[in-house]
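Here is the structure we will look at, set down as structure tokens.
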Amino acid sequence: MSLYLEHFGLREPPFRITPHTDFFFTGANRGPTLDALIYAITQDEGIVKVTGEVGSGKTMLCRMLLERLPSNIETLYLANPTLSREEILGAIADELGVPTVGKATHSLTRAIQDALITRYAEGKRVVLLIDEAHAMPAESLEEIRLLSNLESKSTKLLQIALFAQPELDERLAATDMRQLRERVTQHFNLAPLKRGDIAAYIEFRLRAAGYRGPNPFQDDAIELIAKASEGLSRRINILADKSLLAAYSVGGHSVGKSEVQTAIVDARFLPL
């Protein structure tokens, strides 16, 4: 890998699929969406929902929130959506430093509420960020609704943000989910990147990784990446990385259609 980086004059890999906040792309409405999310979480009192296809950048947006929220906001992050309602309460209690041993569900909920009230009295707010929320069991989604009811005399004690695939919208449309659906006051959707956005996205990632030369990706290569990736940032990263490797393997510094075609064959993406 070090030879690959040296070949293109890169400081670090530009197209890693692991979210890295230094590579957050503010184009394609991502920057304004982050700003709107921060405002909604700090000013609103309902549940915030962010949906997008697999690989559209939801986890990256979540990581950016963790970095950008004001210092008076304490964040609780749940990365495992398959937790039962008891496990969710236990995880939240653990994050808040609340003892869980020997406590029944109702006692644990009360202890969590007391901890939130203490933080509110200290001028702090608490936000619960849940990744992959579409995979949550029905009983856990119901627990989220109940947690959203925790409040002081004048304000909600726990702000909740759900990050999910579009399947969550289908689940919330069900009759038995109408109470939770009514709690969602802000909806954000991460749409796939368009052709022009993809060109800017690829160049941005290269520059962020230390690249200083002319863009190695030719227009026809960008066109092919746009079509094969369907605008999903994770797929773009995979194809761009494999295309650079294909160019490197033949000693080239430019990426054209042939390198991208090699990357597409190797990636074996299925249509959405």
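Everything numeric here is computed off the predicted structure, so don't read it as measured data.
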Task: Positive for side-chain contact (heavy atoms from CB on, under 4.5 Å) with Lys49, one of Ile160, Thr185, Asp169 - done: Asp169
Task: Flag, side chain of Arg11 to backbone of Ala208, donor-acceptor distance under 3.5 Å - done: yes
Open item on the list: Within the supplied structure, the quantity of interest is the number of heavy atoms (other residues, nucleotides, ligands) at a distance under 6.0 Å from Lys257 NZ; does it exceed 12?
Closed with: no
Task: Test applied, side-chain contact (heavy atoms from CB on, under 4.5 Å); reference residue, Phe188; option that passes from Thr51, Leu61, Leu37 - done: Leu37
Open item on the list: Students often mix this up, so state it plainly: with edges at 30° and 60°, are the rings of His7 and His253 parallel, tilted or perpendicular?
Closed with: parallel
Open item on the list: Whether Glu203 and Arg207 form a salt bridge (side-chain N of Lys/Arg under 4.0 Å from carboxylate O of Asp/Glu) is what I want to check.
Closed with: yes
Task: side-chain hydrogen bond (donor to acceptor under 3.5 Å, both in side chains) contacts touching residues 68-81 (sequence neighbours left out) - done: Glu74-Arg119, Tyr77-Asp131, Asn80-Thr82
Task: Any side-chain heavy-atom pair of Phe23 and Glu12 under 4.5 Å - done: yes
Task: Phe269 atom CZ, over 12 foreign heavy atoms within 6.0 Å - done: yes
Task: SB check Glu142 Arg85 (cutoff 4.0 Å) - done: no
Open item on the list: Are Phe15 and Ile198 connected into the same hydrophobic cluster when the rule is that any two of I, L, V, M, F, W, Y join if their side-chain heavy atoms are below 4.5 Å apart?
Closed with: yes
Open item on the list: Taking side-chain contact (heavy atoms from CB on, under 4.5 Å) as the criterion, tell me which of Ile264, Thr262, Val260 meets it with Ser243.
Closed with: Val260
